[in-house]
Amino acid sequence: MPGLFYFKRYAESRTAHPCLIGGCRDREEKPGAERRIIMEITGSISEVRAQVKEWRKQGLTVGLVPTMGYLHEGHKSLIDRAVAENDRVVVSDFVNPIQFGVNEDLATYPRDIEADKRLCGEAGADLIFHPEAEEMYAPDFSTYVETEKVSKGLCGRTRPTHFRGVCTVVCKLFHIVMPDRAYFGQKDAQQLAVIRRMVRDLDMDIQIVGCPIIREADGLAKSSRNTYLNKEERKAALVLSRAVFYGESMIKNGERDAEAVLEAMRGLIEAEPLARIDYVEMVDADSIQPLARAAGRVLVAVAVYIGRTRLIDNFILEV
Ligand code: AMP
């Protein structure tokens with residue numbers, strides 16, 4: 001790397017990074033491109049910009065994976081896909097304060113940047129952007145991006161300022177990194193719909209890539225928030241995936257009536273004493289507007305409190 005940059009070198013990755021043992025990518029490096037052997041980490045917007053500019057000069061494509069850190073296999077699946085489809089990959093690792101409501105878990109949200117560095121290094125990411133909140137938000141910050149309608153139902157009902165915070169930070173990340181492609185999980189299906197809408201409406205020249213939900217062996221969707229669950233709650237949390245799989249099989253077997261599907265799913269969840277339903281709904285996967293009958297791209301989404309932890313899960317079917 002040129003001396004222009006002041007990245008903290010990720011020393012451990014010198015031994016752990018697969019590039020060093022030649023297994024980093026199956027695609028060819030672009031001729032003349034500097035061979036990347038070390039993953040970098042920075043909290044500085046200008047350093048990210050300088051690095052991406054350098055890559056652009058070399059004609060390289062750039063993928064972005066926005067995350068809030070505490071990375072798991074779900075995040076890794078996004079990074080893997082980004083590594084496979086782009087010459088360089090930036091992972092943002094930032095617990096974005098403006099997407100949390102006042103009584104939500106901003107202060108307790110799990111963080112482990114050392115483990116995140118290891119996962120990103122092993123996955124073949126090139127740069128982690130890990131800013132402090134002060135780097136992202138000036139004290140008099142006052143510009144927000146808000147999608148209407150698509151962000152109002154489902155999670156938007158109990159978290160009215162959430163998607164405004166998500167869109168604002170993702171828009172900022174897009175402007176900082178200027179990626180060709182950005183990767184999001186279907187785990188947060190409404191978020192994916194909201195980001196796609198923002199990108200379309202504001203003519204952002206970025207391809208949004210949706211990636212499937214990664215689950216634990218017993219079906220629970222992987223989530224950084226699963227760490228909040230005690231042993232009993234972890235078992236109870238299986239009602240989400242059980243309900244999701246059941247609802248999905250009903251539609252696959254020909255049921256089209258939304259209430260019939262949702263009632264059956266609610267019944268399964270309500271049978272679990274530690275579970276409290278926030279919502280169980282059928283909506284159009286793109287507009288997030290309610291459906292009375294399953295038709296088109298159908299999203300059935302659930303949000304359930306297990307004890308004090310709010311978990312989400314869903315399925316999407318083309319009907
Ligand atoms: P988060 O760190 O929770 O904000 O998530 C960052 C990205 O990872 C989002 O696009 C999520 O949808 C995605 N993600 C989180 N959990 C999973 C999962 N279990 N499977 C697939 N993608 C996931």
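Just so you know, ligand 1 is whichever comes first in the structure, and atom 1 is the first atom listed for that ligand.
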| ligand 1 versus Q186: contacting region, heavy-atom distance under 4.0 Å | neither

| query | Side-chain contact, heavy-atom cut-off 4.5 Å: F100 with T161? | reply | no

| query | Is E73 in contact with ligand 1, taking contact as a heavy-atom separation below 4.0 Å? | reply | no

| query | For ligand 1, which atoms, with element, lie under 4.0 Å from some heavy atom of K187? | reply | 16 (N), 17 (C), 18 (C), 23 (C)

| said: List ligand 1 atoms under 4.0 Å from P66, heavy atoms only on the residue side. | reply: 6 (C), 7 (C)

| task | Identify, by atom number and element, the atoms of ligand 1 in contact range of I213, meaning under 4.0 Å from any of its heavy atoms. | result | 20 (N), 21 (C)

| query | Relative to each other, are the rings of H75 and H72 parallel, tilted or perpendicular (30° and 60° limits)? | reply | tilted

| Q207 side chain to D180 side chain, donor-acceptor N/O pair below 3.5 angstrom | no

| Does NZ or CZ of K172 come closer than 6.0 Å to the centre of the six-membered ring of Y137, within 45° of the ring's axis? | yes

| Any N/O of S77 closer than 3.5 Å to an N/O of ligand 1? | no

| query | If you group Ile, Leu, Val, Met, Phe, Trp and Tyr by side-chain heavy-atom gaps below 4.5 Å, do M178 and V89 land in one group? | reply | no

| request: Would you kindly check if the NZ (Lys) or CZ (Arg) of R276 is within the cone defined by 45 degrees around the ring axis of Y305 and under 6.0 Å from the six-membered ring centre? | output: yes

| query | Are R215 and V244 side-chain neighbours, meaning at least one heavy-atom pair lies under 4.5 Å? | reply | yes

| said: I need the nearest protein heavy-atom contact for atom 4 (O) of ligand 1: residue, atom name and distance, please. | reply: M68 CG, 3.6 Å

| said: Under 4.0 Å from a heavy atom of P212: which atoms of ligand 1 are those, numbered in the order shown and with their elements? | reply: 20 (N), 21 (C)

| query | For atom 12 (O) of ligand 1, what is the nearest protein heavy atom, given as residue, atom name and distance? | reply | D188 OD2, 2.6 Å

| What part of V65, side chain, backbone, both or neither, has a heavy atom within less than 4.0 angstrom of ligand 1? | neither

| field | N or O contact, S223 vs ligand 1, cut-off under 3.5 Å | value | no

| message | Suppose I only count heavy atoms of Q191 and a 4.0 Å limit; which atoms of ligand 1 are within that range? | response | 9 (C), 10 (O)

| field | L268 and V239, any side-chain heavy atoms less than 4.5 Å apart | value | no

| request: List every atom of ligand 1 that sits less than 4.0 Å from any heavy atom of G185, numbering the atoms from 1 in the order shown and giving each element. | output: 9 (C), 10 (O), 11 (C), 12 (O), 13 (C), 22 (N)

| task | Run through L173, T67, V169 and flag the one making a side chain to side chain contact (heavy atoms under 4.5 Å, CB included) with F94. | result | V169

| In ligand 1, which numbered atoms sit nearer than 4.0 Å to a non-hydrogen atom of F184? | 10 (O)

| message | For S241 and D313, which I'm curious about, is there any donor-acceptor pair between the side chains at under 3.5 Å? | response | no

| For ligand 1, is H72 a contact, meaning one of its heavy atoms is under 4.0 Å away? | yes

| query | Any idea which protein heavy atom is nearest atom 20 (N) of ligand 1, and the distance to it? | reply | I214 N, 2.9 Å

| remark: among protein heavy atoms, the one nearest atom 5 (O) of ligand 1 is H75 NE2, 3.4 Å

| For K222, atoms of ligand 1 separated by under 4.0 Å from a heavy atom | 16 (N), 17 (C), 18 (C), 19 (N)

| Validation row: F163, C155 side chains within 4.5 angstrom (heavy atoms) | yes

